[in-house]
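Naming: A, B, ... by sequence-line order, numbering from 1 per chain.
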There are 2 protein chains.
Amino acid sequence: MSQFFWPLFSQNVKNLNKHAVLDLIRFTPGGISRAELALRMELSRAAMTAIVNDLLENDVVRETESRNGQSGRPPIILEINSKRGYVVGIDMGASHLTVALADFSAQVLDEVEIPFDITQGPEPCLAQAEALLFELIEKNDLSLDRIQAIGLGVPGPIVSEPGIVLAPPIMPGWDGYPIRQALERKWGRPISLNNDAELGVLGEWAYGAGRGESDLAFIKVGSGIGAGLLLNGQIYHGATGSAGEIGHLTIDENGPLCDCGNAGCLEALAGGKAIARQAREAVMKGQRTLLSNMGPVEELSARDVAAAARRGDLVSQQIIARAGTYLGIAIAGLINIFNPRMVIVGGGVSQIGDLLLQPIRDIVHRRSLPAAAQTVKINTAVLRRRSSSMGAVVRALSIALHQVAEQKEAK
Amino acid sequence: MSQFFWPLFSQNVKNLNKHAVLDLIRFTPGGISRAELALRMELSRAAMTAIVNDLLENDVVRETESRNGQSGRPPIILEINSKRGYVVGIDMGASHLTVALADFSAQVLDEVEIPFDITQGPEPCLAQAEALLFELIEKNDLSLDRIQAIGLGVPGPIVSEPGIVLAPPIMPGWDGYPIRQALERKWGRPISLNNDAELGVLGEWAYGAGRGESDLAFIKVGSGIGAGLLLNGQIYHGATGSAGEIGHLTIDENGPLCDCGNAGCLEALAGGKAIARQAREAVMKGQRTLLSNMGPVEELSARDVAAAARRGDLVSQQIIARAGTYLGIAIAGLINIFNPRMVIVGGGVSQIGDLLLQPIRDIVHRRSLPAAAQTVKINTAVLRRRSSSMGAVVRALSIALHQVAEQKEAK
DNA sequence: ATTGTTTGTCAAGTCTTCTAACAATGTATC
DNA sequence: GATACATTGTTAGAAGACTTGACAAACAAT
């Protein structure tokens, strides 16, 4: 069942199969032959010849060497023509900004990342993104018109049709700002605007830990906490775009206050900010910990806690284990509700590794229904900090490839 | 976007549009004309004429009187030919068994319900269902071969392909029993086996409170508690069929033991059994309550508590309010994760009404993200205790109608 | 060299849908 | 009541996508 990505612009659904074939080619690692395409799509080889010729004419797809199989005529392997064009994926986090340049086969050619503050509001933030984008383009001897499409991820709930964020808890000043419209007007390129956690699940599904899974949750643990959901092979983002906002699940009604106004939200207990806060508190309380020797107390970050924990610091390990426990409670609930086949923990904090993952696994096995808990795999993101930016690249390519494939008489 | 029900048997997806049209007709109340069908499906009127003629030849669809519109030729309204055949929907609860007979337009012609105990295991339970089925058929001067398909709902996670339940918490003895195979062999009719909460959301979506919504949660509060999820217009049941099992979310780690082995599950705090238990405890503790006068203490049920609460009994009202609060906690989490447009509370206990609904609404508005909480509507099931059996009828019709529509040269 | 196997292509026919014109059947207007 | 107008439904011809069945191409095994 190939319900990939084409229904992005669902008008002109005439040659549906052409686009399904295109998606099957792009998401099959190592390429695929006409015969196998025909098999997988349940079409005749003759029909596949016609469809593939169409794609070859448009130069989106190219033939590579034949691969020697077991016996019989060796198949001609098809793959995306990587040189046909370029796309850019932008990942705006709360505290970092990443811009990645990729070719049509999703190979990242270059990448820039800078520290960042999303609370500055839309105009300065988008200006920074623009600066970084142009820097990247020029460094690689390209120009904006060679970029076929751009994917942008932001940490808030998206209303996709108008291209805005709606009441984002950690993006003050952005509510209702016409992000997509502004960028399309400025840059003159098609933009795909998405939630960063959604992009994370997309990236990991396409090129990471969740390859080929159709029911997948991606937990992004950074400064804040959010989840991206892939259900039935489709990204799910709910009625108003705020599905997966697990950061504001109430875990402990008597817990610390959260930025969203409620008390005891997961984010306030286990997010990067919360971890940093606990580290500062530990130092100020005078506990014996390596954290005391890691620079000024006010600048202690989750990254420092991770480093100290890895070096055997008990206090840091406790902080992380506690965060893992709270995460586990939320993930156990998510598993009971959604029953995914895999949960991928990503985002900056996740790079701590097993120290964070183990308490999650423990709690999940203790709290979730056996039927669901036994089948679910809980892993760290393979793409590490790149999950979301790769997801942005995937979205950009979804636009670029299908747009190019639509062109009539391209040559 | 019409992603209705056809991909049930997805082979032979040649005349996809025919089946999409059929579904559009069956789920449009009051019927629909060729012209509007063409509009909604983005097909030409000419194509629609051909498709509809096909359906008319097979006698699945019939023309009714023309409806006088504003001006121009009045449209000919099409509707499902209700007399073309019959289906049966069976709803097996933990403590009740309902069998409903419906015609092709989903009108329920007759219905039988008996008290029931699902813990008896598959053979006796299915025998009871069979007895009730035959009783219903004979009472209505029909025979089994006039029934085109049968939908069956059970309160456990379904693996649909082999037609079994997997490790169901409240169905001891049923694990792995080949339910669908056994019934298809016995009755010789196609069977659709589904989870009861899934059927609930289906029923309410088709003919109840959630008509036309594409993101919908149905919370079934009976002896146990489960949720059915409709996401992106499709039923979602997860990797292993146990999506929506919110009954075993841990709400209070120090709470009472649950049948599933864990402590403080929602079901053990707010399910029908839990409500009955709290009623018994109140009476035994000697509290002043109407519950003392409602028969033997051991037989007090959730229904009695509801009745007493409605008559102003404070103790009963407190029990119900507390159950509503626990439910609200779970539903608030579900709303944060899944951001539906509507949550429908159904099942036996839900008929208590606002006494239960109000605490749910309060907690949700307190705990959920404002963006999600403001858009979500929380209502009681319109079909009352019939949500699931109507869902079973819908499934049966999905098989029956499309099967009949496939027949070539039916006349 | 021959046989067998699998891939890719070609030609003819089928099926679905579209366009464009037209017939049918009502309301609104004079 | 006759006429104009609007909307629905049908018909005919053409375009496009896919299928079947035959066949050529390119390799491995014998």
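Distances from the side chain of B/Thr49 to the nucleotides D/dT10, C/dT19, D/dT19 place D/dT10 closest. With C/dG8, D/dT11, D/dG21 as the choices, the nucleotide that has an atom nearest any side-chain atom of A/Ser33 turns out to be C/dG8. For A/Pro74, whose side chain is taken as the heavy atoms from C-beta onward, the closest listed nucleotide among D/dA26, D/dT19, C/dT25 is D/dA26. Of the candidates C/dA11, C/dA21, D/dA26, C/dA21 carries the atom nearest the B/Arg45 side chain, counting heavy atoms from C-beta on.
Nucleotide C/dT16 holds its P atom 20 Å from the CD atom of B/Glu42, rounded to whole Å. Here D/dC18 presents its C1' atom at 9 Å from CG of A/Asn17, a figure rounded to the nearest Å. Remark: P of C/dT17 and CG of B/Asn15 are 9 Å apart, rounded to the nearest angstrom. A/His19 places its NE2 atom 14 Å from the C1' atom of D/dA17, with the value rounded to the nearest Å. The CD1-P distance, from B/Ile51 to C/dT16, rounds to 9 Å in whole Å. The nearest whole Å value for the distance from the CG atom in A/Leu43 to the C1' atom in D/dT19 is 10 Å. Atoms CD1 (B/Ile32) and C1' (D/dT8) sit 14 Å apart, rounded to a whole Å. For the pair B/Glu36 CD and D/dG9 C1', the computed distance is 15 Å after rounding to whole Å.
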Q. Going through the checks in order, is the salt bridge (charged side-chain N to carboxylate O under 4.0 Å, His left out) test met by B/Glu63 and B/Arg34?
A. CA-CA 10 Å; B/Glu63 298 183 331; B/Arg34 292 170 176 81; 2.7 Å; yes

Q: Could you go through the side chain to side chain donor-acceptor pair (under 3.5 Å) check for B/Ser82 and B/Arg62 one step at a time?
A: CA-CA 9 Å; B/Ser82 61; B/Arg62 68 179 168 208; 3.3 Å; yes

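For A/Arg34 and C/dG8, a side-chain-to-base donor-acceptor distance below 3.5 Å is absent, hydrogens and geometry of angles not being considered. With hydrogens and angles ignored, a donor-acceptor pair closer than 3.5 Å exists between the side chain of B/Arg73 and the base of D/dT8.
Under a cut-off of 6.0 angstrom, the local environment of CZ in A/Arg146 is sparse, with at most 12 non-hydrogen atoms contributed by other residues, nucleotides or ligands.
The distance between the ring centers of B/Trp205 and B/Phe218 does not fall below 6.0 angstrom.
As judged by a 4.0 angstrom heavy-atom cut-off over every strand, B/Ala47 is placed among residues touching the sugar-phosphate backbone only. As judged by a 4.0 angstrom heavy-atom cut-off over every strand, B/Ala35 is placed among residues touching the sugar-phosphate backbone only.
The phosphate of D/dA6 (OP1 or OP2) has no side-chain N or O of B/Ser71 nearer than 4.0 angstrom.
Across B/Gly153 and B/Leu199, no two heavy atoms sit closer than the pair CA-CD1, 3.3 Å.
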